Amino acid sequence: MTHPLDPLDPAHPTGPIGPIGPIEKGPVETRGDTYVRHYRLRFPQPVDKVWAAVATSEGLRAWLAVAEPFEPRLGGAVGLLGRGRITAWDVERVAEYTVEGRGRVRFHLEPAHPTGTTVRFTHESDDATDPGWHARFERLVRAVGDQRTVGGQGTVGDQGTVEEPGTVEEPGTP
């Protein structure tokens, strides 16, 4: 269930949810003892470039953590700051990792129209404290925008933006 307080209200238990530099977070839901964080990220790059950053060992290493081992398939092993498994896998569409003690993270990629990629990100965890997604997404935006090669997928250019679902933010907006 979504928290009944307005997410922009400073009295919200996780603090005000809104602009924090170029990144805005979506609502935090509680499901029993589980906290579910939502983000929506928009990139001007095509899906294959963003996929390489969130669903390859090399890409994850560039912005999140060393991903060793990394077996790119449903049920494959993944090491992201702990032992885990790939719990959903649909190439260039969905990558989900469940890691012991860290919870489950899911990247759902969609082509944006007319160009680019939208990523709907979800993190489910029993920890009420945000593990620093703001800083991690800043690194992801830079990695996708600045990297020369990700997982052998070629070069990428302009930086994307991260935003709260339901808002639109232009690249470079403070």
Side-chain angles (χ1 to χ4, degrees), residues 1-2 23 25-113 115-156 160-165:
M1 109 186 246
T2 302
I23 299 173
K25 42 182 179 172
V28 177
E29 298 176 65
T30 54
R31 297 178 188 160
D33 293 336
T34 302
Y35 296 87
V36 184
R37 291 171 175 77
H38 300 276
Y39 291 82
R40 184 171 65 189
L41 300 81
R42 290 185 188 258
F43 295 89
Q45 294 84 5
V47 168
D48 64 322
K49 305 299 184 199
V50 179
W51 177 259
V54 301
T56 67
S57 178
E58 298 85 3
L60 289 164
R61 183 182 310 119
W63 70 275
L64 182 60
V66 172
E68 295 295 334
F70 189 85
E71 299 171 353
R73 61 179 170 77
L74 183 60
V78 63
L80 285 169
L81 304 171
R83 292 185 322 186
R85 291 274 169 215
I86 296 176
T87 48
W89 190 258
D90 185 0
V91 175
E92 294 191 357
R93 185 171 162 92
V94 176
E96 180 182 275
Y97 313 116
T98 302
V99 179
E100 292 176 9
R102 304 253 179 216
R104 177 173 37 207
V105 295
R106 180 181 186 93
F107 300 89
H108 183 145
L109 284 67
E110 303 168 351
H113 298 287
T115 61
T117 305
T118 298
V119 177
R120 297 183 192 287
F121 173 84
T122 306
H123 176 221
E124 296 179 24
S125 171
D126 59 1
D127 191 347
T129 305
D130 186 312
W133 287 117
H134 177 270
R136 293 167 198 249
F137 288 142
E138 284 181 339
R139 290 192 303 261
L140 172 60
V141 167
R142 283 193 304 271
V144 171
D146 294 343
Q147 63 189 298
R148 303 300 174 252
T149 303
V150 175
Q153 299 296 313
T155 61
V156 292
T161 61
V162 182
E163 64 188 51
E164 177 181 5

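All of these numbers come straight from a predicted model, not from anything done at the bench.
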Is a donor on one side and an acceptor on the other found under 3.5 Å between the side chain of His123 and the backbone of Arg102?
yes
Please give me the minimum heavy-atom distance between Val144 and Ala53, naming the atom from each residue.
CG2-CB, 3.5 Å
What are the two closest heavy atoms between Leu60 and Ala67, and how far apart are they?
CD1-CB, 4.0 Å
Is the number of heavy atoms from other residues, nucleotides or ligands within 6.0 Å of CZ (Arg61) greater than 12?
yes
Distance check, rounded to the nearest 0.5 Å: Tyr35 atom OH versus Glu29 atom CD?
13.0 Å
From CA spacing to verdict: side chain to side chain contact (heavy atoms under 4.5 Å, CB included), Leu109, Glu92
CA-CA 7 Å; Leu109 284 67; Glu92 294 191 357; 5.9 Å; no
Main chain of Val28, side chain of Arg37: is a donor-acceptor contact present, judged purely on distance under 3.5 Å?
no
For Phe70 and Val78, the nearest pair of non-hydrogen atoms, with its separation, is CD1-CG2, 3.6 Å
To the nearest 0.5 Å, tell me how far Arg139 CZ sits from His134 NE2.
11.5 Å
4.5 Å side-chain heavy-atom contact, Val54 and Val119:
no
Report, as yes or no, whether the 6.0 Å neighbourhood of atom CZ on Arg83 holds more than 12 heavy atoms from other residues, nucleotides or ligands.
no
Rounded distance (nearest 0.5 Å) linking atom OG1 of Thr122 with atom CZ of Arg106
7.5 Å
Write down the atom of Gly59, the atom of Thr56, and the distance for their closest heavy-atom approach.
N-OG1, 2.9 Å
Examine the side chains of Glu96 and Thr87 and answer whether a donor and an acceptor come within less than 3.5 Å of each other.
yes
To the nearest 0.5 Å, atom CG of Leu140 lies from atom CZ of Phe107 at 7.0 Å
Heavy atoms, side chains only, cut-off 4.5 Å: are Leu64 and Arg136 in contact?
yes
Heavy-atom closest pair, residues Ala77 and Arg85
N-NH1, 3.2 Å
Report the relative orientation of the aromatic rings in Tyr97 and Trp89; use parallel for angles under 30°, tilted for 30 to 60°, perpendicular for over 60°.
tilted
Side-chain (Glu124) to main-chain (Arg104) donor-acceptor, under 3.5 angstrom:
no
Shortest non-hydrogen contact from Val94 to Trp51?
O-CH2, 3.4 Å
Are His38 and Arg40 packed together at the side-chain level, in the sense that at least one heavy-atom pair is separated by less than 4.5 angstrom?
no
Anything under 30° is parallel, anything over 60° is perpendicular, the rest tilted; go ahead and classify Trp133 against Trp63.
tilted
